[in-house]
Undergrad: 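The following block contains the structure, expressed as structure tokens.
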Amino acid sequence: MSANTEIDNVWKLPSHRKVGMVTLILAESALFTIFVVAYLFYMGKSLNPPFPREVLEFPLLGSIALFSSSATIFLAEKALHKGNRAGFLFWWGFTLVLGVYFLYFTGTEWVKLIYVDGLTIATNTFGTTFYSLVGLHAFHVVVGVMLLLGIFIAGIRNRLKASHTEHVEAISYYWHFVDCIWIVVLSVVYIISVRV
Amino acid sequence: MFPVVFYWLGKISGALNRCIVSAFLAGLGMCSAQAAESGDVHLVADIFRPLSRPAEMLLEPTQLVLLVTLGIFLVVVGVLVFVLIQFRPRGPEDHLTEPPQIYGSNNIEMAWTVIPCLVVFVLVLVSARSIVEIQDAPVPENAIHIRLVGHQWWWEIHYPELGITTANEIHIPVSTRNGVQTPTHIQLESADVIHSFWVPQMAGKTDLVPNRINKTWMEPFQVGTFLGNCAEYCGTQHANMLLRVIVHEPKEFQKWVESQKRPTAEPEGALAIQGKKDFFDLSCINCHTVDGTLAKGVFGPDLTKFATRQTLGAGVAPRTPADIRAWLANPDSLKPGCYMPDMKLTPQQLDGLVAYLETLK
Amino acid sequence: MENDILIEDDYRLPDPVRLGDEPGSFTRIIQKIVFTVDHKILGLMYIGSALFFFVIAGLLASLMRIQLMYPNNTFLGPNAFNTSFTMHGTTMVFLVGMPMAFGFANYLVPLMIGARDMAFPRLNAFGFWVFFFGGCLLFFSYLGAPGLYAAGSAPDVGWFAYSPLTARAFSRGHSTDYWTLSLLLGGVGSVATALNVLVTVICCRCKGMTLGRLPIFVWSMLVLSFLVILALPCLSACQIMITLDRYLGAKFFDTQAGGSAVLWQHFFWIFGHPEVYILIMPAFAITSEVIPVFSRKPIFGYPIMVAALVSISFISLGVWAHHMFCVGMTSLENAFFVTSTLLVSIPTGIKIFNWIATMYGGRLRFELPLIFAVGFLFQFLIAGLTGVMLAVAPFDWQLSDSYFVVAHFHYVLIGGLLFTIFSGIYYWYPKAFGRMPNFKLGLWHFVFFTIGFHMTFLPQHFLGFLGMPRRIYTYQADRGWDEWNFVSTIGVLFQAVGILFFVYNLIYSYIRGESAGEDPWDAWTLEWATTSPPPDYNFAEMPVVKSRRPLWDAKHPDDPDWKYE
Ligand code: HEA
Ligand code: HEA
Ligand code: CUA
Ligand SMILES: [Cu+2]
């Protein structure tokens with residue numbers, strides 16, 4: 001093939017924000033993998049109670065909130081691409097609320113675990129791996145919520161501009177990732193380990 | 001099918017070893033020949049002179065891999081040197097033209113992918129075979145069993161079947177290769193951090209990991225004293241966590257066992273009696289055990305038969321009265337940072353304790 | 001939303017003249033260093049601080065060697081020795097090896113792919129400063145808070161900090177925390193920089209620079225960044241875990257509470273083994289540029305070289321437990337890791353053969369870069385072959401944690417990595433400073449350093465055969481180790497003289513060196529198409545590329561490369 005025709009074609013490279021976010025997600029996945037493996041490794045090996053099957057309840061509402069937030073952020077993005085500012089703000093805000101609700105839900109769960117069941121990070125290896133894995137995920141939700149909030153405020157104050165769509169997209173990638181991690185955490189912690 | 005392949009590859013590599021490697025190894029052996037060996041204490045722990053299985057079994061894959069890598073080394077360096085000489089600059093006008101531009105050749109690439117693959121294949125099979133042979137060796141019924149517990153920075157040794165507890169020096173019988181075989185199987189544990197059992201002429205390393213039980217074994221075919229070290233960094237005095245294995249003729253070993261089980265005689269002489277009193281009045285008994293007495297501490301080595309040992313403090317010093325005295329006066333002077341405290345003893349107390357400890361046999 | 005724009009993209013720096021003095025003054029220089037987001041300056045800063053840390057860690061090594069010169073020596077006590085090897089290993093790996101790689105990547109990747117800067121210039125500066133302060137924090141442990149129990153609390157747990165030695169019970173005071181937290185910081189910086197390199201390569205290539213035309217240097221850096229992205233977070237995870245253990249009483253590695261010490265080893269080496277390939281990547285990168293240019297031939301088997309790089313990095317993710325053959329794994333696990341480890345030698349061998357094939361039929365020019373690259377080939381071969389010996393588990397049961405391992409990895413890290421770093425520095429020195437490095441001084445550097453290096457580390461193989469474990473601060477006289485240890489220590493003297501020649505050469509050539517011009521080596525990659533040193537914006541006119549060797553095409557319009565690719 002002659003090289004010239006190729007150069008004459010439009011030279012198009014992927015957006016660096018998106019590639020950057022994908023790379024970051026890759027790194028974060030490695031981080032999570034270690035914590036998940038630690039959880040699986042210590043599953044059923046705690047020397048003293050409480051054990052998962054005694055204290056864990058399936059976090060139905062929290063999960064519903066988090067999973068639906070993936071849909072709402074998708075809708076927000078769509079609205080943005082159509083130039084529908086109100087729609088964007090609505091769905092984006094909705095996502096934010098769902099994220100905050102998830103955190104609230106986790107908070108109440110932890111309060112129960114600590115004060116009612118007496119499970120802390122120092123109680124046994126279950127406590128250690130549970131709080132670190134779920135906590136790491138919750139920490140990512142906190143970061144995600146802050147990013148969402150930043151865009152939301154910018155949107156409300158009417159400071160979003162066209163070049164920000166890439167930011168918005170990158171953040172939504174991140175949010176979907178946090179969601180996917182929750183699928184893993186949910187199945188490992190709340191489905192598998194309560195049966196061991 | 002697989003075991004058969006292992007077996008034959010092993011045979012072939014064994015034959016190869018005997019023919020070719022011995023010359024090469026003789027060269028390597030020279031680096032160890034320098035240190036003379038005193039009596040039957042094998043101070044130089046040369047891995048190429050194993051005097052026990054499994055150390056000897058390790059030698060076969062070792063020699064194979066040495067041979068293979070030596071071959072690869074010679075070929076590649078040969079080619080490299082040839083290229084450097086052949087295509088060296090030859091005069092100033094050399095730079096005026098460029099050599100023919102060659103971008104690659106798939107056939108050649110193929111060749112130097114396939115050959116290493118074959119080498120790797122052989123190495124994998126040979127190692128797999130000897131891994132299985134050594135690691136999964138069956139435990140014969142008459143084997144001696146030892147429980148070895150690593151401490152920062154000394155070794156606790158139990159013979160569960162013989163009811164013996166000692167420290168830092170493992171006594172085992174020699175195992176004849178044709179007659180009765182009495183291998184020693186060791187169960188490895190740790191009381192604190194990770195240590196590693198390594199007596200090169202007896203066996204390769206195996207770690208002592210807390211909260212986990214590992215196993216290793218030895219089957220020596222020569223009597224003598226063999227030196228080893230803790231081989232996993234375990235803190236301040238990792239360097240002075242030495243271990244010796246003392247291999248006896250079976251009869252001698254029986255004698256040793258009996259000497260260890262014999263009740264210790266009461267000390268005689270005023271000094272030793274005073275020493276014994278001090279030993280129990282001072283806090284020594286919090287950390288040390290002397291069987292048949294109130295001393296039941298387990299933080300430090302068992303001292304029941306202390307006077308039958310060759311060394312002191314996991315091999316930092318020979319067990320002479322002067323060294324014991326120095327040790328008691330200030331353990332840090334011999335082994336800085338070790339966990340036996342300076343008991344601030346007076347010279348009289350020291351004399352008494354040394355005399356008493358000398359009676360523990 | 002086009003009309004919603006209220007804020008301008010205004011990322012300009014504060015006007016320097018307003019803040020400081022006239023150009024060239026000290027304040028201006030400091031200001032430039034602190035505020036810069038220019039990939040070239042950051043790259044040089046990375047390399048400069050890596051050299052600085054190298055000298056410090058080298059001095060620590062010299063102290064250790066002095067202590068081991070004689071049996072029963074009392075030059076360093078056990079604590080000083082243990083902190084020395086920990087700080088030496090940690091510094092060399094995290095504050096010399098990695099930043100060196102990032103320095104080269106930063107300086108060269110944008111130039112080689114014809115970009116004006118990295119994809120995220122400010123993230124780049126962030127990465128550097130985080131790394132640098134992480135390093136300072138690590139060394140602050142010598143001065144800083146003595147903790148409750150120890151005076152001066154440099155970490156003393158070894159560079160892989162095996163648990164439970166790092167648990168509160170066995171490591172009081174704050175020494176372990178210095179290790180953990182400074183490397184956690186460094187890890188964040190490394191991931192940031194690796195992300196940046198990766199995105200730059202993918203998104204900022206100039207016209208025509210397809211992935212199939214990237215210089216192998218850039219490919220190596222791409223693979224390196226990929227490995228950093230995958231491996232470094234594992235280390236961070238480990239460090240988060242021990243910090244939780246130490247401060248919140250978590251039980252990850254608490255063996256009293258059912259925790260597992262072996263788990264740490266798995267987690268650490270899942271990071272640690274890819275890490276050593278991260279360290280060797282710059283060596284592959286630099287050699288693949290230097291050898292073709294000084295043989296006057298294109299790299300032999302470009303696609304295979306790239307494939308080998310990629311497969312090395314993939315295999316390296318699955319070999320970690322070859323550091324753990326003695327830990328009591330089952331025979332099946334042991335056999336698996338023997339196999340995967342040995343597989344790495346196939347693509348690595350392919351690389352070596354291709355480099356030699358590149359030289360074959362060429363017109364070698366023995367300039368400094370090639371001399372060091374040939375040293376690399378020779379020494380890396382030895383190192384790789386000792387690696388193969390270690391990979392054979394039965395052999396490793398004898399040699400693991402012995403001085404043989406120390407010899408193996410210094411042959412890779414010095415004989416392999418450091419030699420190519422020197423090669424690379426001599427190769428790109430004219431580009432960065434516009435002056436040629438002095439050949440004579442460089443040759444002295446090579447002679448002394450090579451002699452010293454082999455003198456120090458060759459005997460350590462024999463020490464391993466004679467049963468000398470690593471990390472011992474002293475040994476007894478009659479074990480047969482005295483002579484080799486003595487020779488080994490004397491070697492360091494030669495190395496130090498070599499390093500002094502090197503440092504002197506850098507300074508001397510900066511002041512006195514011949515002017516280099518744009519392209520002193522008659523090379524083929526894009527960085528040689530701009531002035532030396534390159535301007536802030538790198539290229540006055542954005543280059544357009546048609547082949548792997550754009551400058552060859554320019555110099556030989558009659559016989560361009562793109563006809564053959
Ligand atoms: C730059 C760093 C680097 C590199 C590239 C390597 C490369 C290799 N290393 Fe090394 N290694 C280290 C750095 C490195 N290592 C460090 C730092 C440690 C110690 C960590 C510590 O404990 O502190 C270590 C420890 C270490 C161990 C553990 C030892 C122990 O503690 O018990 C092992 C065991 O398998 C090993 C193996 C290998 C192998 C097989 C390779 C291979 O990649 C080598 C491949 C190259 C070749 C084989 C040569 C060229 C090939 C040919 C000419 C083709 C033909 C050859 C054959 C078919 C065999 N290394
Ligand atoms: C890139 C990596 C790298 C490099 C370059 C080096 C370089 C050197 N290393 Fe290092 N080393 C490691 C990585 C590296 N090392 C690692 C990872 C470990 C394991 C740590 C652990 O166990 O936890 C280790 C461990 C290690 C040990 C084993 C310690 C032990 O187990 O007890 C020894 C012992 O000899 C040693 C020696 C040396 C020497 C002599 C050099 C020399 O090449 C240094 C040369 C440099 C200089 C000498 C300084 C510059 C000179 C001057 C400024 C001139 C003035 C100086 C003088 C006059 C002396 N190193
Ligand atoms: Cu015990 Cu090292
Ligand atoms: Cu490795």
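Labels below follow one simple rule: chain letters A, B, ... track the order of the sequence lines, proteins then strands, and each chain is numbered from 1. As a basis for the values below, the full set of heavy atoms in this structure was taken, side chains included, without hydrogen atoms, waters or symmetry mates.
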Undergrad: Taking the six-membered ring for Trp, are C:Phe404 and C:His461 parallel (under 30°), tilted (30 to 60°) or perpendicular (over 60°)?
TA: perpendicular
Undergrad: Which region of C:Ser295, side chain (C-beta onward) or backbone (N, CA, C, O), has a non-hydrogen atom less than 4.5 Å from a non-hydrogen atom of chain B, or is it both or neither?
TA: backbone
Undergrad: Considering only heavy atoms, which portion of C:Ser345 lies under 4.5 Å from any heavy atom of chain B: side chain, backbone, both, or neither?
TA: side chain
Undergrad: Tell me, side chain or backbone of B:Gln101 under 4.5 Å from chain C's heavy atoms, or both, or neither?
TA: both
Undergrad: Quick one: are C:Lys297 and B:Pro99 in side-chain contact, heavy atoms under 4.5 Å?
TA: yes
Undergrad: Counting heavy-atom pairs closer than 4.5 Å to chain C, which one of B:Asn240, B:Thr236, B:Ile72 comes out on top?
TA: B:Thr236
Undergrad: Please look at B:Gln152 and chain C and tell me whether the side chain, the backbone, both or neither of the residue comes under 4.5 angstrom of a heavy atom of that chain.
TA: side chain
Undergrad: Select one option (side chain, backbone, both, neither) describing which atoms of B:Val77 are under 4.5 Å from chain C's heavy atoms.
TA: both
Undergrad: Between C:His322 and C:Phe337, is the ring centroid distance below 6.0 Å?
TA: no
Undergrad: Taking the side chain as every heavy atom from C-beta outward, state whether C:Tyr162 and C:Val157 have any pair of such atoms under 4.5 Å apart.
TA: no
Undergrad: Compute the ring centroids of C:Phe376 and C:Trp355, then answer whether they are less than 6.0 Å apart.
TA: yes
Undergrad: B:Val209, B:Leu188, B:Thr216, B:Ile194: which one forms the most heavy-atom pairs within less than 4.5 Å of chain C?
TA: B:Ile194
Undergrad: Between B:Phe197 and chain C, with a heavy-atom cut-off of 4.5 Å, which part of the residue counts as in contact: side chain, backbone, both or neither?
TA: neither
Undergrad: Heavy-atom distance under 4.5 Å to chain B: side chain of C:Tyr473, backbone, both or neither?
TA: both
Undergrad: Quick one: are B:Glu98 and C:Trp552 in side-chain contact, heavy atoms under 4.5 Å?
TA: yes
Undergrad: Check whether the side chains of C:Gln476 and C:Trp481 place a donor and an acceptor atom closer than 3.5 Å, and report yes or no.
TA: no
Undergrad: Let me know if C:Tyr360 has heavy atoms under 4.5 Å from chain B in its side chain, its backbone, both or neither.
TA: both
Undergrad: Please classify the contact of B:Val68 with chain C as side chain, backbone, both or neither, using a heavy-atom distance under 4.5 Å.
TA: neither
Undergrad: C:Phe325 and C:Trp397: aromatic ring centres closer than 6.0 Å?
TA: no
Undergrad: Taking side chain as everything from C-beta outward and backbone as N, CA, C, O, which of these in B:Trp112 sits under 4.5 Å from a heavy atom of chain C? Side chain, backbone, both or neither.
TA: both
Undergrad: If I measure from the heavy atoms of chain C, does B:Ile213 come under 4.5 Å with its side chain, its backbone, both, or neither?
TA: neither
Undergrad: Is B:Ser105 in contact with chain C via its backbone, its side chain, both, or neither, using a 4.5 Å heavy-atom distance?
TA: both
Undergrad: So, do B:Tyr103 and C:Pro298 sit near enough that their side-chain heavy atoms are less than 4.5 Å apart?
TA: yes
Undergrad: Could you look at C:Thr386 and say if it's the side chain, the backbone, both or neither that has a heavy atom under 4.5 Å from chain B?
TA: neither
Undergrad: Taking all non-hydrogen atoms of both residues, which atom of C:Val392 and which atom of B:Ser127 are closest, and how far apart?
TA: CG1-OG, 3.7 Å
Undergrad: At a 4.5 Å cut-off on heavy atoms, which part of B:Leu227 comes close to chain C: side chain, backbone, both, or neither?
TA: both
Undergrad: Need one label for B:Ile102: side chain, backbone, both or neither, based on atoms under 4.5 Å from any heavy atom in chain C.
TA: both
Undergrad: Is a side-chain donor or acceptor of B:Lys335 paired with a backbone partner of B:Trp153 at a separation under 3.5 angstrom?
TA: yes
Undergrad: Side chain, backbone, both or neither: which part of C:Leu381 has an atom under 4.5 Å from a heavy atom of chain B?
TA: side chain
Undergrad: Side chain, backbone, both or neither: which part of B:Asp192 has a heavy atom under 4.5 Å from chain C?
TA: both
Undergrad: Chain B heavy atoms under 4.5 Å from C:Asp522: which part of the residue, side chain, backbone, both or neither?
TA: side chain
